[in-house]
2 protein chains.
Amino acid sequence: MIIKTNPDIYDKLFPKGDILTNEEISQLKSSGKTINFNKKDVVFRQGTLTSHVMYLETGLIKLFKNGRNNRSFILKIATPGYFIGFVSIFGDDTFQYTATAIEDSSVFFIDINTFNSVLEKNGKYSVYLLKKVCKDNLNIVDRITSQYHKQLPGKIADIILYFSEKIYHSNTFEFPLTRNELAELAGTTKESFIRTLTEFKNDKIIVSDGKLLEIKSLEIVKTLSRIG
Amino acid sequence: MIIKTNPDIYDKLFPKGDILTNEEISQLKSSGKTINFNKKDVVFRQGTLTSHVMYLETGLIKLFKNGRNNRSFILKIATPGYFIGFVSIFGDDTFQYTATAIEDSSVFFIDINTFNSVLEKNGKYSVYLLKKVCKDNLNIVDRITSQYHKQLPGKIADIILYFSEKIYHSNTFEFPLTRNELAELAGTTKESFIRTLTEFKNDKIIVSDGKLLEIKSLEIVKTLSRIG
DNA sequence: ATTTTCTGGTGATTTAAATCACCAGATTCC
DNA sequence: GGAATCTGGTGATTTAAATCACCAGAAAAT
(Lines give C-alpha, C1' and ligand atoms only; values in the text may rest on other atoms or scores of the structure.)
Protein backbone atom coordinates (compact mmCIF):
# COMPACT_ATOMS: atom_id res chain seq x y z
CA MET A 1 0.00 0.00 0.00
CA ILE A 2 1.34 3.39 -0.99
CA ILE A 3 0.67 6.32 1.28
CA LYS A 4 0.76 9.63 -0.52
CA THR A 5 2.41 12.01 1.91
CA ASN A 6 3.93 14.33 -0.68
CA PRO A 7 1.46 17.15 -1.35
CA ASP A 8 3.30 18.06 -4.55
CA ILE A 9 2.87 14.63 -6.08
CA TYR A 10 1.18 16.17 -9.13
CA ASP A 11 3.47 19.18 -9.58
CA LYS A 12 4.78 17.99 -12.97
CA LEU A 13 1.31 17.06 -14.20
CA PHE A 14 -0.26 20.30 -13.03
CA PRO A 15 2.64 22.73 -13.01
CA LYS A 16 2.57 25.73 -10.70
CA GLY A 17 1.72 29.07 -12.25
CA ASP A 18 -1.02 30.09 -14.63
CA ILE A 19 -0.47 27.33 -17.16
CA LEU A 20 -3.61 25.33 -16.42
CA THR A 21 -6.98 26.68 -15.31
CA ASN A 22 -8.72 25.13 -12.30
CA GLU A 23 -11.31 23.85 -14.72
CA GLU A 24 -8.73 22.08 -16.83
CA ILE A 25 -7.10 20.58 -13.77
CA SER A 26 -10.38 19.15 -12.52
CA GLN A 27 -11.18 17.95 -16.03
CA LEU A 28 -7.91 16.04 -16.18
CA LYS A 29 -8.30 14.81 -12.61
CA SER A 30 -11.81 13.50 -13.15
CA SER A 31 -10.91 11.74 -16.38
CA GLY A 32 -8.00 10.01 -14.67
CA LYS A 33 -7.57 7.10 -12.31
CA THR A 34 -4.71 5.97 -10.09
CA ILE A 35 -3.59 2.39 -10.54
CA ASN A 36 -1.20 0.65 -8.20
CA PHE A 37 1.50 -1.72 -9.37
CA ASN A 38 3.50 -4.16 -7.33
CA LYS A 39 7.21 -4.63 -7.79
CA LYS A 40 7.89 -6.58 -11.00
CA ASP A 41 4.46 -5.83 -12.48
CA VAL A 42 4.34 -4.85 -16.13
CA VAL A 43 2.82 -1.39 -16.68
CA PHE A 44 2.80 -1.69 -20.45
CA ARG A 45 4.48 -3.95 -22.94
CA GLN A 46 6.45 -3.06 -26.06
CA GLY A 47 4.34 -3.51 -29.17
CA THR A 48 0.94 -3.08 -27.52
CA LEU A 49 -1.45 -0.27 -28.39
CA THR A 50 -1.23 3.05 -26.58
CA SER A 51 -4.40 4.39 -25.01
CA HIS A 52 -3.65 6.48 -21.94
CA VAL A 53 -1.25 9.13 -20.78
CA MET A 54 0.54 7.75 -17.73
CA TYR A 55 1.97 9.87 -14.97
CA LEU A 56 4.16 8.27 -12.31
CA GLU A 57 2.98 9.36 -8.87
CA THR A 58 5.14 7.21 -6.62
CA GLY A 59 7.62 4.41 -7.04
CA LEU A 60 10.23 3.56 -9.63
CA ILE A 61 9.68 2.15 -13.09
CA LYS A 62 12.20 0.84 -15.58
CA LEU A 63 11.74 1.49 -19.27
CA PHE A 64 13.50 -0.96 -21.52
CA LYS A 65 13.70 -2.16 -25.09
CA ASN A 66 13.57 -5.84 -25.82
CA GLY A 67 16.49 -6.73 -28.03
CA ARG A 68 16.45 -9.68 -30.43
CA ASN A 69 18.88 -12.07 -28.70
CA ASN A 70 16.65 -11.84 -25.60
CA ARG A 71 18.93 -9.11 -24.45
CA SER A 72 17.34 -5.92 -23.16
CA PHE A 73 18.48 -2.36 -23.00
CA ILE A 74 17.25 -0.18 -20.14
CA LEU A 75 16.56 3.31 -21.46
CA LYS A 76 15.67 4.99 -18.22
CA ILE A 77 14.64 4.59 -14.61
CA ALA A 78 11.51 6.72 -14.30
CA THR A 79 11.02 8.60 -11.03
CA PRO A 80 7.85 10.26 -9.70
CA GLY A 81 6.75 13.16 -11.89
CA TYR A 82 7.63 11.37 -15.12
CA PHE A 83 5.19 10.77 -17.96
CA ILE A 84 5.95 7.15 -18.75
CA GLY A 85 5.53 6.09 -22.36
CA PHE A 86 4.79 9.63 -23.44
CA VAL A 87 6.88 9.64 -26.61
CA SER A 88 5.27 6.37 -27.72
CA ILE A 89 1.77 7.72 -27.07
CA PHE A 90 2.36 10.85 -29.14
CA GLY A 91 4.90 9.53 -31.60
CA ASP A 92 3.39 6.17 -32.52
CA ASP A 93 0.33 4.05 -31.90
CA THR A 94 2.17 1.23 -30.14
CA PHE A 95 4.61 1.30 -27.26
CA GLN A 96 8.20 1.22 -28.36
CA TYR A 97 9.47 -0.14 -25.06
CA THR A 98 8.28 -2.05 -22.02
CA ALA A 99 7.72 -0.56 -18.57
CA THR A 100 7.88 -2.60 -15.37
CA ALA A 101 7.73 -1.51 -11.74
CA ILE A 102 10.98 -2.01 -9.89
CA GLU A 103 9.32 -0.83 -6.70
CA ASP A 104 5.68 -0.70 -5.66
CA SER A 105 4.39 2.19 -7.75
CA SER A 106 1.26 4.19 -8.42
CA VAL A 107 0.48 5.55 -11.86
CA PHE A 108 -2.18 8.10 -12.78
CA PHE A 109 -3.88 7.08 -16.05
CA ILE A 110 -5.51 9.82 -18.12
CA ASP A 111 -7.71 9.25 -21.12
CA ILE A 112 -5.76 10.23 -24.23
CA ASN A 113 -8.66 12.11 -25.83
CA THR A 114 -9.26 14.27 -22.79
CA PHE A 115 -5.56 14.95 -22.53
CA ASN A 116 -5.35 15.81 -26.20
CA SER A 117 -8.26 18.22 -26.08
CA VAL A 118 -6.69 20.07 -23.15
CA LEU A 119 -3.40 20.25 -25.04
CA GLU A 120 -5.03 21.56 -28.22
CA LYS A 121 -6.92 24.23 -26.35
CA ASN A 122 -4.06 25.19 -24.09
CA GLY A 123 -0.91 26.09 -26.00
CA LYS A 124 1.01 26.98 -22.87
CA TYR A 125 0.51 23.53 -21.43
CA SER A 126 1.54 22.02 -24.77
CA VAL A 127 4.71 24.08 -24.79
CA TYR A 128 5.36 23.07 -21.19
CA LEU A 129 5.13 19.41 -22.16
CA LEU A 130 7.07 19.95 -25.37
CA LYS A 131 9.92 21.36 -23.31
CA LYS A 132 9.69 18.47 -20.85
CA VAL A 133 9.83 15.93 -23.68
CA CYS A 134 12.77 17.69 -25.32
CA LYS A 135 14.69 17.84 -22.05
CA ASP A 136 14.07 14.17 -21.35
CA ASN A 137 15.01 13.28 -24.89
CA LEU A 138 18.32 15.10 -24.56
CA ASN A 139 19.04 13.26 -21.31
CA ILE A 140 18.32 9.84 -22.73
CA VAL A 141 20.27 10.40 -25.94
CA ASP A 142 23.12 11.96 -24.01
CA ARG A 143 23.31 9.06 -21.58
CA ILE A 144 23.29 6.44 -24.32
CA THR A 145 25.67 8.16 -26.74
CA SER A 146 28.18 9.14 -24.07
CA GLN A 147 28.15 5.56 -22.85
CA TYR A 148 28.39 4.07 -26.32
CA HIS A 149 32.14 4.19 -26.89
CA LYS A 150 33.26 4.04 -23.30
CA GLN A 151 35.11 1.10 -21.85
CA LEU A 152 33.79 -0.79 -18.86
CA PRO A 153 35.14 1.43 -16.07
CA GLY A 154 33.60 4.46 -17.77
CA LYS A 155 30.28 2.72 -18.29
CA ILE A 156 30.06 1.49 -14.72
CA ALA A 157 31.11 4.89 -13.36
CA ASP A 158 28.29 6.38 -15.46
CA ILE A 159 25.77 4.05 -13.84
CA ILE A 160 26.99 4.82 -10.33
CA LEU A 161 26.68 8.54 -11.05
CA TYR A 162 23.27 8.01 -12.65
CA PHE A 163 21.84 6.52 -9.46
CA SER A 164 23.74 8.85 -7.18
CA GLU A 165 22.89 12.08 -9.02
CA LYS A 166 19.69 11.45 -10.95
CA ILE A 167 17.78 8.97 -8.81
CA TYR A 168 18.81 9.11 -5.15
CA HIS A 169 20.69 12.42 -4.85
CA SER A 170 23.09 10.83 -2.39
CA ASN A 171 26.54 9.24 -2.27
CA THR A 172 25.06 6.24 -0.52
CA PHE A 173 22.22 4.26 -2.03
CA GLU A 174 20.87 0.81 -2.73
CA PHE A 175 20.68 -0.40 -6.31
CA PRO A 176 17.02 -1.08 -7.07
CA LEU A 177 18.09 -3.54 -9.76
CA THR A 178 19.81 -6.89 -10.03
CA ARG A 179 23.33 -7.14 -11.46
CA ASN A 180 21.85 -8.36 -14.68
CA GLU A 181 19.57 -5.34 -14.95
CA LEU A 182 22.40 -3.02 -14.05
CA ALA A 183 24.35 -4.56 -16.91
CA GLU A 184 21.39 -3.91 -19.21
CA LEU A 185 21.50 -0.28 -18.13
CA ALA A 186 25.25 -0.04 -18.64
CA GLY A 187 25.17 -1.83 -21.98
CA THR A 188 27.32 -4.75 -20.91
CA THR A 189 27.01 -8.22 -19.34
CA LYS A 190 26.37 -9.32 -15.76
CA GLU A 191 29.85 -10.80 -15.42
CA SER A 192 31.62 -7.73 -16.72
CA PHE A 193 29.55 -5.46 -14.51
CA ILE A 194 30.36 -7.52 -11.40
CA ARG A 195 34.05 -7.68 -12.21
CA THR A 196 34.36 -3.94 -12.74
CA LEU A 197 32.45 -3.20 -9.56
CA THR A 198 34.82 -5.52 -7.69
CA GLU A 199 37.78 -3.61 -9.13
CA PHE A 200 36.24 -0.35 -7.92
CA LYS A 201 35.85 -1.93 -4.49
CA ASN A 202 39.44 -3.17 -4.44
CA ASP A 203 40.66 0.26 -5.46
CA LYS A 204 38.66 1.77 -2.55
CA ILE A 205 36.74 4.02 -4.94
CA ILE A 206 33.50 2.63 -3.58
CA VAL A 207 32.27 0.55 -0.66
CA SER A 208 29.73 -2.01 -1.75
CA ASP A 209 27.88 -4.87 -0.16
CA GLY A 210 25.20 -6.54 -2.23
CA LYS A 211 22.87 -3.86 -3.52
CA LEU A 212 24.29 -1.23 -1.18
CA LEU A 213 26.80 1.21 -2.57
CA GLU A 214 28.71 4.12 -1.14
CA ILE A 215 30.88 6.37 -3.26
CA LYS A 216 34.17 6.88 -1.44
CA SER A 217 35.89 8.99 -4.05
CA LEU A 218 33.45 10.95 -6.15
CA GLU A 219 36.46 12.58 -7.78
CA ILE A 220 37.73 9.30 -9.22
CA VAL A 221 34.27 8.09 -10.23
CA LYS A 222 33.74 11.30 -12.16
CA THR A 223 37.16 11.05 -13.76
CA LEU A 224 36.50 7.47 -14.83
CA SER A 225 33.18 8.57 -16.31
CA ARG A 226 34.85 11.43 -18.16
CA ILE A 227 37.86 9.65 -19.61
CA GLY A 228 35.71 6.62 -20.46
CA MET B 1 23.01 28.16 -55.66
CA ILE B 2 19.91 26.33 -54.54
CA ILE B 3 16.87 26.49 -56.77
CA LYS B 4 13.66 25.82 -54.90
CA THR B 5 11.52 23.88 -57.33
CA ASN B 6 9.56 21.94 -54.73
CA PRO B 7 6.36 23.90 -53.98
CA ASP B 8 5.88 21.85 -50.78
CA ILE B 9 9.21 22.85 -49.30
CA TYR B 10 7.47 24.24 -46.22
CA ASP B 11 4.90 21.48 -45.75
CA LYS B 12 6.34 20.37 -42.42
CA LEU B 13 6.72 23.92 -41.14
CA PHE B 14 3.23 24.94 -42.23
CA PRO B 15 1.33 21.67 -42.25
CA LYS B 16 -1.70 21.28 -44.53
CA GLY B 17 -5.10 21.57 -42.91
CA ASP B 18 -6.52 24.05 -40.47
CA ILE B 19 -3.65 23.92 -37.98
CA LEU B 20 -2.21 27.36 -38.70
CA THR B 21 -4.12 30.48 -39.73
CA ASN B 22 -2.92 32.50 -42.72
CA GLU B 23 -2.06 35.22 -40.28
CA GLU B 24 0.17 32.93 -38.23
CA ILE B 25 1.84 31.63 -41.37
CA SER B 26 2.69 35.10 -42.57
CA GLN B 27 3.81 36.06 -39.08
CA LEU B 28 6.24 33.13 -39.01
CA LYS B 29 7.32 33.77 -42.59
CA SER B 30 8.03 37.43 -42.02
CA SER B 31 9.98 36.79 -38.81
CA GLY B 32 12.15 34.24 -40.61
CA LYS B 33 15.02 34.32 -43.02
CA THR B 34 16.57 31.72 -45.31
CA ILE B 35 20.30 31.21 -44.93
CA ASN B 36 22.38 29.18 -47.34
CA PHE B 37 25.18 26.90 -46.25
CA ASN B 38 27.87 25.35 -48.36
CA LYS B 39 28.96 21.77 -47.98
CA LYS B 40 31.05 21.37 -44.79
CA ASP B 41 29.77 24.61 -43.26
CA VAL B 42 28.86 24.52 -39.58
CA VAL B 43 25.21 25.45 -38.96
CA PHE B 44 25.56 25.46 -35.19
CA ARG B 45 28.11 24.14 -32.77
CA GLN B 46 27.62 22.00 -29.66
CA GLY B 47 27.77 24.12 -26.51
CA THR B 48 26.75 27.41 -28.11
CA LEU B 49 23.60 29.29 -27.15
CA THR B 50 20.33 28.55 -28.91
CA SER B 51 18.47 31.48 -30.44
CA HIS B 52 16.45 30.42 -33.48
CA VAL B 53 14.23 27.65 -34.63
CA MET B 54 15.84 26.16 -37.73
CA TYR B 55 13.93 24.44 -40.49
CA LEU B 56 15.81 22.57 -43.20
CA GLU B 57 14.48 23.61 -46.61
CA THR B 58 16.91 21.86 -48.93
CA GLY B 59 20.09 19.87 -48.58
CA LEU B 60 21.42 17.40 -46.04
CA ILE B 61 22.78 18.14 -42.59
CA LYS B 62 24.54 15.84 -40.16
CA LEU B 63 23.89 16.14 -36.45
CA PHE B 64 26.64 14.78 -34.27
CA LYS B 65 27.91 14.73 -30.73
CA ASN B 66 31.54 15.47 -30.05
CA GLY B 67 32.92 12.69 -27.89
CA ARG B 68 35.85 13.20 -25.50
CA ASN B 69 38.59 11.20 -27.29
CA ASN B 70 37.94 13.43 -30.34
CA ARG B 71 35.60 10.73 -31.52
CA SER B 72 32.19 11.80 -32.76
CA PHE B 73 28.86 10.07 -32.88
CA ILE B 74 26.46 10.97 -35.68
CA LEU B 75 22.91 11.07 -34.31
CA LYS B 76 21.07 11.69 -37.51
CA ILE B 77 21.22 12.83 -41.11
CA ALA B 78 18.60 15.56 -41.35
CA THR B 79 16.62 15.78 -44.57
CA PRO B 80 14.42 18.64 -45.83
CA GLY B 81 11.42 19.23 -43.59
CA TYR B 82 13.39 18.60 -40.41
CA PHE B 83 13.62 21.06 -37.53
CA ILE B 84 17.32 20.89 -36.80
CA GLY B 85 18.38 21.42 -33.21
CA PHE B 86 14.77 21.57 -32.07
CA VAL B 87 15.18 19.48 -28.92
CA SER B 88 18.15 21.59 -27.83
CA ILE B 89 16.23 24.81 -28.42
CA PHE B 90 13.28 23.69 -26.31
CA GLY B 91 15.04 21.39 -23.90
CA ASP B 92 18.13 23.41 -23.01
CA ASP B 93 19.72 26.79 -23.61
CA THR B 94 22.74 25.46 -25.44
CA PHE B 95 23.03 23.08 -28.37
CA GLN B 96 23.73 19.53 -27.33
CA TYR B 97 25.23 18.56 -30.66
CA THR B 98 26.85 20.10 -33.72
CA ALA B 99 25.22 20.46 -37.13
CA THR B 100 27.20 20.68 -40.36
CA ALA B 101 26.03 20.68 -43.96
CA ILE B 102 27.03 17.59 -45.88
CA GLU B 103 25.53 19.07 -49.03
CA ASP B 104 24.79 22.66 -50.00
CA SER B 105 21.77 23.43 -47.86
CA SER B 106 19.29 26.16 -47.09
CA VAL B 107 17.88 26.67 -43.64
CA PHE B 108 14.94 28.84 -42.63
CA PHE B 109 15.72 30.64 -39.35
CA ILE B 110 12.80 31.76 -37.21
CA ASP B 111 13.05 33.98 -34.17
CA ILE B 112 12.48 31.85 -31.09
CA ASN B 113 10.16 34.37 -29.40
CA THR B 114 7.88 34.67 -32.41
CA PHE B 115 7.80 30.92 -32.72
CA ASN B 116 7.08 30.50 -29.03
CA SER B 117 4.22 32.97 -29.06
CA VAL B 118 2.59 31.17 -32.00
CA LEU B 119 2.98 27.89 -30.15
CA GLU B 120 1.50 29.22 -26.93
CA LYS B 121 -1.50 30.67 -28.74
CA ASN B 122 -2.01 27.71 -31.03
CA GLY B 123 -2.34 24.42 -29.17
CA LYS B 124 -2.96 22.43 -32.32
CA TYR B 125 0.34 23.52 -33.79
CA SER B 126 2.05 22.72 -30.49
CA VAL B 127 0.55 19.24 -30.49
CA TYR B 128 1.58 18.83 -34.13
CA LEU B 129 5.17 19.65 -33.20
CA LEU B 130 5.01 17.59 -30.02
CA LYS B 131 4.07 14.57 -32.11
CA LYS B 132 6.83 15.34 -34.60
CA VAL B 133 9.41 15.57 -31.82
CA CYS B 134 8.18 12.35 -30.20
CA LYS B 135 8.31 10.48 -33.50
CA ASP B 136 11.79 11.72 -34.25
CA ASN B 137 12.91 10.88 -30.73
CA LEU B 138 11.65 7.31 -31.09
CA ASN B 139 13.52 6.95 -34.38
CA ILE B 140 16.81 8.22 -32.99
CA VAL B 141 16.64 6.16 -29.80
CA ASP B 142 15.55 3.12 -31.76
CA ARG B 143 18.39 3.45 -34.22
CA ILE B 144 21.02 3.85 -31.52
CA THR B 145 19.76 1.19 -29.12
CA SER B 146 19.15 -1.39 -31.81
CA GLN B 147 22.67 -0.74 -33.08
CA TYR B 148 24.23 -0.80 -29.63
CA HIS B 149 24.75 -4.53 -29.12
CA LYS B 150 25.04 -5.54 -32.74
CA GLN B 151 28.22 -6.87 -34.23
CA LEU B 152 29.81 -5.22 -37.23
CA PRO B 153 27.80 -6.88 -40.02
CA GLY B 154 24.58 -5.89 -38.25
CA LYS B 155 25.76 -2.32 -37.69
CA ILE B 156 26.87 -1.86 -41.28
CA ALA B 157 23.66 -3.45 -42.60
CA ASP B 158 21.77 -0.95 -40.44
CA ILE B 159 23.60 1.94 -42.05
CA ILE B 160 22.99 0.66 -45.57
CA LEU B 161 19.29 0.34 -44.79
CA TYR B 162 19.27 3.76 -43.14
CA PHE B 163 20.44 5.46 -46.34
CA SER B 164 18.42 3.24 -48.61
CA GLU B 165 15.12 3.53 -46.72
CA LYS B 166 15.24 6.75 -44.75
CA ILE B 167 17.33 9.07 -46.90
CA TYR B 168 17.29 8.08 -50.56
CA HIS B 169 14.33 5.67 -50.86
CA SER B 170 16.27 3.60 -53.35
CA ASN B 171 18.40 0.47 -53.55
CA THR B 172 21.09 2.45 -55.32
CA PHE B 173 22.59 5.56 -53.83
CA GLU B 174 25.78 7.46 -53.14
CA PHE B 175 27.01 7.79 -49.59
CA PRO B 176 27.10 11.52 -48.79
CA LEU B 177 29.74 10.84 -46.13
CA THR B 178 33.33 9.69 -45.94
CA ARG B 179 34.19 6.25 -44.57
CA ASN B 180 35.21 7.88 -41.33
CA GLU B 181 31.86 9.62 -40.99
CA LEU B 182 30.02 6.43 -41.90
CA ALA B 183 31.92 4.74 -39.09
CA GLU B 184 30.81 7.53 -36.75
CA LEU B 185 27.24 6.84 -37.76
CA ALA B 186 27.65 3.09 -37.31
CA GLY B 187 29.46 3.44 -34.00
CA THR B 188 32.68 1.81 -35.15
CA THR B 189 36.02 2.71 -36.76
CA LYS B 190 36.92 3.58 -40.33
CA GLU B 191 38.97 0.39 -40.75
CA SER B 192 36.25 -1.89 -39.43
CA PHE B 193 33.64 -0.20 -41.59
CA ILE B 194 35.74 -0.62 -44.73
CA ARG B 195 36.54 -4.24 -43.95
CA THR B 196 32.90 -5.17 -43.39
CA LEU B 197 31.80 -3.37 -46.55
CA THR B 198 34.45 -5.31 -48.48
CA GLU B 199 33.08 -8.56 -47.06
CA PHE B 200 29.59 -7.57 -48.20
CA LYS B 201 31.03 -6.89 -51.64
CA ASN B 202 32.84 -10.23 -51.76
CA ASP B 203 29.67 -12.01 -50.71
CA LYS B 204 27.81 -10.25 -53.57
CA ILE B 205 25.31 -8.75 -51.12
CA ILE B 206 26.12 -5.32 -52.46
CA VAL B 207 27.91 -3.71 -55.37
CA SER B 208 30.03 -0.81 -54.29
CA ASP B 209 32.51 1.52 -55.90
CA GLY B 210 33.74 4.43 -53.85
CA LYS B 211 30.74 6.25 -52.47
CA LEU B 212 28.34 4.44 -54.78
CA LEU B 213 26.37 1.54 -53.38
CA GLU B 214 23.78 -0.81 -54.80
CA ILE B 215 21.98 -3.35 -52.67
CA LYS B 216 22.00 -6.64 -54.53
CA SER B 217 20.23 -8.74 -51.92
CA LEU B 218 17.93 -6.66 -49.76
CA GLU B 219 16.85 -9.93 -48.16
CA ILE B 220 20.32 -10.66 -46.78
CA VAL B 221 20.98 -7.06 -45.73
CA LYS B 222 17.74 -7.09 -43.75
CA THR B 223 18.57 -10.45 -42.20
CA LEU B 224 22.03 -9.22 -41.18
CA SER B 225 20.42 -6.14 -39.65
CA ARG B 226 17.90 -8.28 -37.79
CA ILE B 227 20.18 -10.98 -36.40
CA GLY B 228 22.85 -8.35 -35.62
C1' DA C 1 53.87 24.34 -57.38
C1' DT C 2 54.75 21.64 -53.84
C1' DT C 3 54.04 20.65 -49.17
C1' DT C 4 50.55 19.06 -46.12
C1' DT C 5 46.41 16.96 -44.92
C1' DC C 6 42.57 13.91 -45.96
C1' DT C 7 40.74 9.70 -47.91
C1' DG C 8 40.17 4.80 -49.02
C1' DG C 9 42.34 0.79 -48.32
C1' DT C 10 44.98 -3.57 -46.38
C1' DG C 11 47.73 -6.45 -43.10
C1' DA C 12 49.47 -7.71 -38.40
C1' DT C 13 48.98 -7.25 -33.53
C1' DT C 14 46.80 -6.28 -29.34
C1' DT C 15 43.21 -5.94 -26.14
C1' DA C 16 38.96 -5.52 -23.98
C1' DA C 17 35.14 -7.78 -23.02
C1' DA C 18 31.88 -11.43 -24.20
C1' DT C 19 31.20 -16.18 -23.62
C1' DC C 20 31.48 -20.50 -21.33
C1' DA C 21 31.58 -23.10 -17.28
C1' DC C 22 31.02 -23.42 -13.01
C1' DC C 23 29.33 -22.70 -7.76
C1' DA C 24 26.58 -21.64 -3.54
C1' DG C 25 22.80 -19.36 -1.52
C1' DA C 26 18.33 -17.28 -2.03
C1' DT C 27 13.75 -17.28 -4.18
C1' DT C 28 9.98 -18.87 -6.35
C1' DC C 29 7.12 -22.39 -8.14
C1' DC C 30 4.34 -26.55 -8.24
C1' DG D 1 8.77 -29.63 0.91
C1' DG D 2 11.42 -30.48 -2.87
C1' DA D 3 12.41 -28.95 -7.64
C1' DA D 4 13.45 -25.46 -10.45
C1' DT D 5 14.86 -20.92 -11.30
C1' DC D 6 17.24 -16.68 -10.20
C1' DT D 7 21.04 -14.25 -8.17
C1' DG D 8 25.81 -12.83 -7.13
C1' DG D 9 30.12 -14.32 -7.86
C1' DT D 10 34.80 -16.14 -9.92
C1' DG D 11 38.11 -18.30 -13.28
C1' DA D 12 39.55 -19.77 -18.01
C1' DT D 13 38.93 -19.29 -22.87
C1' DT D 14 37.54 -17.24 -27.02
C1' DT D 15 36.56 -13.69 -30.18
C1' DA D 16 35.42 -9.56 -32.24
C1' DA D 17 36.98 -5.43 -33.20
C1' DA D 18 40.07 -1.63 -31.98
C1' DT D 19 44.64 -0.14 -32.63
C1' DC D 20 48.90 0.35 -34.98
C1' DA D 21 51.43 0.76 -39.06
C1' DC D 22 51.55 1.37 -43.29
C1' DC D 23 50.49 2.94 -48.56
C1' DA D 24 48.93 5.52 -52.72
C1' DG D 25 45.97 8.86 -54.72
C1' DA D 26 43.09 12.98 -54.06
C1' DA D 27 42.25 17.31 -52.21
C1' DA D 28 43.52 21.46 -49.67
C1' DA D 29 46.47 24.68 -48.13
C1' DT D 30 50.71 27.72 -48.41
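Proteins come first, then strands; the chains are lettered A, B, ... in the order of their sequence lines, and each starts at number 1.
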From CD of A:E184 over to P of D:dC6, roughly how many Å is that when rounded to an integer? 13 Å

Atom-to-atom span, CG of B:L182 to P of C:dC6 - whole angstrom: 18 Å

Donor-acceptor pair between A:T98 and A:N66 side chains, under 3.5 angstrom: yes

Determine whether the aromatic ring centres of residues B:F175 and B:F173 are separated by less than 6.0 angstrom. yes

Closest-nucleotide 5' rank along DNA chain D - winner of B:F193 and A:K190: A:K190

When rounded to whole Å, the NZ to P distance for the pair A:K40 and D:dT5 reads 15 Å

Of D:dA18, C:dG8, D:dG9, the nucleotide closest to the side chain of B:R71 is D:dA18

Whole Å only: how far is the CG atom of A:N180 from the P atom of C:dT19? 12 Å

In whole angstrom, what separates B:K211's NZ from D:dA26's C1'? 11 Å

With the sugar-phosphate defined as primed atoms, P, OP1 and OP2, and the base as all remaining atoms, what B/S/- string results for nucleotides 11-17 of chain D, 5' to 3', for protein heavy atoms under 4.0 Å? BB---SS

Can you check whether B:T198 has a side-chain N or O nearer than 4.0 Å to OP1 or OP2 of C:dT10? yes

B:K39 NZ - C:dC6 C1' separation (whole Å): 13 Å

Does a side chain donor of either B:T48 or B:Q46 reach within less than 3.5 Å of an acceptor in the other side chain? no

Length of the NZ-P vector between B:K201 and C:dT10, whole Å: 7 Å

Applying ring-ring contact (aromatic ring centres under 6.0 Å, His included), can you list everything that pairs with A:F64, at least two apart in sequence or on another chain? none

Closest non-hydrogen atom pair between A:L49 and A:F95, with its separation: O-CE1, 3.6 Å

Specify the residue among A:G187 and B:I194 whose closest nucleotide of DNA chain C lies further upstream toward the 5′ end. B:I194

Taking the inter-plane angle between the rings of A:F163 and A:Y168 on a 0 to 90° scale, is it parallel (under 30°), tilted (30 to 60°) or perpendicular (over 60°)? parallel

Rounded to whole Å, CG of B:L197 lies from P of C:dT7 at a distance of 17 Å

State the CG-CZ distance between B:N180 and B:F193, to the nearest 0.5 angstrom. 10.5 Å

